[in-house]
Enquirer: 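Here it is: the structure, laid out below.
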Protein chains: 2
Amino acid sequence: MTPVNLKSLAQALNLSIATVSRALQDSHEVSTQTKERVRALAAELNYQPNAYASSLRRNLSKTIGVVIPKVANHFFALAINGIEEVARQSGYHVLIYLTHDDYEREVSIIQHLKGGRIDGLLMSVASGTEDFAHIKSLQDSNVPIVFFDRVCVEVSTAKVTTNDYESGYQATEHLVAAGCEQIAHLLISNNLSIGRNRLQGYLDALQAHGRIHDPELILQGVMDNQQNVGLIRELLERRPDIDGIFASVERLAISSYHVCRQLGRVIPDDIKIIGFSNLESASLLEPPLTTITQPAYEIGKEAAKILLRGVEKKKAILPSQSMVLESTLFGRESTARV
Amino acid sequence: MTPVNLKSLAQALNLSIATVSRALQDSHEVSTQTKERVRALAAELNYQPNAYASSLRRNLSKTIGVVIPKVANHFFALAINGIEEVARQSGYHVLIYLTHDDYEREVSIIQHLKGGRIDGLLMSVASGTEDFAHIKSLQDSNVPIVFFDRVCVEVSTAKVTTNDYESGYQATEHLVAAGCEQIAHLLISNNLSIGRNRLQGYLDALQAHGRIHDPELILQGVMDNQQNVGLIRELLERRPDIDGIFASVERLAISSYHVCRQLGRVIPDDIKIIGFSNLESASLLEPPLTTITQPAYEIGKEAAKILLRGVEKKKAILPSQSMVLESTLFGRESTARV
DNA sequence: CTGTTAGCGCGTTCAC
DNA sequence: GTGAACGCGCTAACAG
């Protein structure tokens with residue numbers, strides 16, 4: 001089977017490669033008539049330009065990368081939908097990479113991305129990442145980056161986040177208002193910006209309501225969820241006075257719910273739980289889990305838009321283009337924009 | 001800033017481009033000494049080969065495509081994890097495309113993929129797809145394809161599925177054994193192989209237990225979930241004798257749960273629900289939702305393995321390489337391999 | 001062991 | 001309006 005490329009098209013039409021190329025790009029300097037001829041044959045033979053040859057020549061790949069911890073998490077799943085949507089509309093392709101929250105893997109991925117494979121990168125950093133040289137180095141090789149959700153404050157570029165501090169504050173206030181005396185806070189990693197902000201909201205809300213800060217009530221989870229269940233269980237057994245839990249991530253909220261059931265603690269009479277989550281089924285739980293829900297799909301879309309704008313203009317993306325979207329609190333009796 | 005490519009490396013080292021290229025590929029025909037020199041400089045300058053130039057030359061992109069309906073569904077999210085894992089281990093990149101179950105979009109995506117961008121494709125067809133010319137045409141341009149979950153029987157290649165018929169049968173038997181008299185079946189599209197197989201399992205199980213087939217009990221859902229809720233509600237109101245629901249997909253199971261609550265039907269006393277789902281939180285519902293869970297992560301891994309094996313060997317992938325994995329039934333009191 | 005040469009398919013000069 | 005020629009960065013065949 002003969003390959004269908006510019007050369008073969010040109011031969012079949014008795015034209016030069018250059019003319020065919022121009023015709024397909026709708027160049028002004030080619031007669032309408034030949035344009036038609038070329039297009040007709042191209043359509044008939046199902047011609048598709050070789051993406052790599054084109055990328056090589058134009059030094060532009062029409063591809064963006066997405067680096068996230070994992071996708072088996074409703075937030076990222078929804079975000080990808082938004083990203084793909086925007087990318088597709090602009091004719092971009094989407095490469096996906098998972099770090100599994102592993103620093104080494106993140107570095108290796110970023111390293112590979114320096115081969116000109118992508119025109120821009122959307123990223124949510126791994127929870128273990130503390131050194132950002134690899135990210136800066138990618139940026140230095142002219143690959144624009146936009147962070148979303150788990151941002152990296154040390155790198156100067158646009159970031160799309162939610163109002164983590166405010167929602168952490170409000171989540172805590174929600175529990176205080178519901179009468180909780182001892183509110184535990186569960187987070188996954190405290191070198192993650194989102195974790196820090198939510199924690200700070202928690203701390204400030206407690207202080208604002210005259211509670212003294214009890215470090216024992218703050219539990220940092222680990223990667224393995226089975227272990228987290230154990231840790232939460234220990235905490236609740238050691239401190240039976242805990243009557244409120246604010247979970248900073250979905251998994252910990254679900255695990256808390258689970259542990260409370262195991263221990264026979266009645267929700268919400270004995271203990272109240274509120275957690276960040278994008279799980280639709282959370283509202284089906286009985287009692288429903290009170291959640292802080294991030295607009296994941298919109299975050300993906302906005303991040304992609306900012307990135308593509310920067311890519312097309314070939315201009316550096318500035319921190320001033322950052323966006324903060326609002327989370328929503330879905331409670332048993334209330335739904336509120338945070 | 002001077003570009004760091006083979007040429008610049010060669011100049012700096014007083015070597016030819018070819019030698020540098022060979023050295024970096026650890027070719028046998030280059031002295032250990034020069035290899036060292038080359039590698040040292042490459043590492044220092046952070047050289048990364050241009051992926052597109054390489055792909056163009058070798059006619060090989062080290063990239064696979066994944067085309068799925070959407071990712072905001074636990075099954076596909078988990079499958080992607082498996083795919084990415086296998087791909088990464090073999091040095092492959094993963095391009096992702098979402099069809100949103102839209103035929104036109106699927107055709108357009110497949111069309112674009114013919115530009116040599118990918119070495120192979122993993123695919124779960126859109127529920128609206130009835131014509132497979134676009135898929136066959138891609139296959140004709142030498143792009144190996146492996147289907148997973150939502151396969152396309154008309155195309156000759158390997159398929160990775162779960163035992164849909166058997167689990168549909170068992171799910172139905174589960175409800176029969178639990179004493180249900182009128183069992184409704186909810187499915188999303190009956191031109192999808194998985195839907196058909198699950199439905200057939202349902203029908204055969206009913207027949208085996210001497211039940212007469214009542215077409216009114218079979219409800220075909222639509223794309224919009226809000227509408228599905230309405231449809232399910234109507235069905236349950238029209239047929240209050242329904243005391244069992246077997247939902248073929250996650251969303252319909254969740255929606256059923258929702259509607260039953262709205263209508264004040266008590267689960268599982270009045271009505272029992274069983275559904276295909278990969279939602280971990282399903283077990284937290286009270287009462288827990290009985291689910292048939294597909295090994296999504298493994299399906300992704302196996303499909304990717306078969307595809308990459310074919311890609312590396314540059315040989316056509318045969319239907320005989322297909323795999324059928326087993327789903328698991330998670331019930332209130334039992335957990336069983338189907 | 002190393003260098004020279006010739007493309008991969010495409011887009012862009014520069015001629016005519 | 002069209003064609004010839006060059007080069008993007010890299011790999012592979014052929015010399016020496």
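Naming convention: chains lettered A, B, ... in sequence-line order (proteins, then strands); numbering from 1 in each chain. Please read all numbers here as calculations on a predicted model, not as lab measurements.
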Enquirer: Would you tell me if any nitrogen or oxygen in the side chain of Gln25(A) comes within less than 4.0 Å of OP1 or OP2 on dT12(C)?
Expert: yes
Enquirer: Rounded to whole Å, how long is the line connecting atom CG of Leu15(A) with atom P of dG11(C)?
Expert: 16 Å
Enquirer: Quick test of your reading of the model: are Arg39(A) and Asp26(A) salt-bridged, counting only N-O distances below 4.0 Å?
Expert: yes
Enquirer: Answer yes or no: does a side-chain N or O of Ser21(A) lie under 4.0 Å from OP1 or OP2 of dC10(C)?
Expert: no
Enquirer: Rounded to whole Å, how long is the line connecting atom NZ of Lys35(A) with atom P of dG1(D)?
Expert: 9 Å
Enquirer: Any side-chain N or O of Ser16(B) below 4.0 angstrom from OP1/OP2 of dG3(C)?
Expert: yes
Enquirer: Is Thr34(A) touching bases, backbone alone, or none of the nucleic acid, heavy atoms closer than 4.0 Å?
Expert: sugar-phosphate
Enquirer: Quick check: on DNA chain C, is the nucleotide nearest Asn5(A) upstream (toward 5') of the one nearest Glu29(A), or the reverse? Name the residue that is more 5'.
Expert: Asn5(A)
Enquirer: Take atom CG of Asn46(B) as the centre, draw a 6.0 Å sphere, and report whether it contains more than 12 heavy atoms from other residues, nucleotides or ligands.
Expert: yes
Enquirer: Could you state the atom-to-atom distance from CG of Leu60(B) to C1' of dC8(C) in whole Å?
Expert: 13 Å
Enquirer: Does Tyr47(A) put a side-chain nitrogen or oxygen below 4.0 Å from OP1 or OP2 of dG9(C)?
Expert: no
Enquirer: So what does Ile17(A) touch, heavy atoms closer than 4.0 Å: a base, only the sugar-phosphate, or nothing?
Expert: nothing
Enquirer: Can you find a pair of side-chain heavy atoms, one from Ile68(A) and one from Phe148(A), that are under 4.5 Å apart?
Expert: yes
Enquirer: Closer than 4.0 Å, any side-chain N/O of Ser31(A) to the OP1 or OP2 of dT2(D)?
Expert: yes
Enquirer: Report the nucleotide, chosen from dT2(D), dG9(D), dA12(D), that has the shortest atom-to-atom distance to any side-chain atom of Ala18(B).
Expert: dA12(D)
Enquirer: Does atom NE2 of His112(B) have more than 12 heavy-atom neighbours from other groups under 6.0 Å away?
Expert: no
Enquirer: Taking only the side-chain heavy atoms of Ala53(A) (C-beta and beyond), determine which of dC10(C), dT2(D), dC1(C) contains the nearest atom.
Expert: dC10(C)
Enquirer: Give the rounded distance in Å between these two atoms: CG of Leu13(A) and C1' of dG3(D).
Expert: 15 Å
Enquirer: Among the nucleotides dC10(C), dT4(C), dC8(C), which one has an atom lying closest to any side-chain atom of Lys7(A)?
Expert: dC8(C)
Enquirer: CG of Leu56(A) versus P of dT12(C): gap in Å, rounded?
Expert: 13 Å
Enquirer: Find the distance Arg58(A):CZ to dC8(D):C1' and express it as a whole number of Å.
Expert: 13 Å
Enquirer: Starting at NE2 of His28(B) and ending at C1' of dA12(D), how long is that distance when rounded to a whole Å?
Expert: 15 Å
Enquirer: Return the value, rounded to whole Å, for the distance between atom CG of Asn59(B) and atom P of dC10(D).
Expert: 18 Å
Enquirer: Using only modelled atom types and a 3.5 angstrom limit, is any donor from either the side chain of Arg22(B) or the base of dG3(C) paired with an acceptor on the other?
Expert: yes
Enquirer: Assess, by modelled atom type and distance only, whether the side chains of Thr129(B) and Arg150(B) contain a donor and an acceptor separated by less than 3.5 Å.
Expert: no
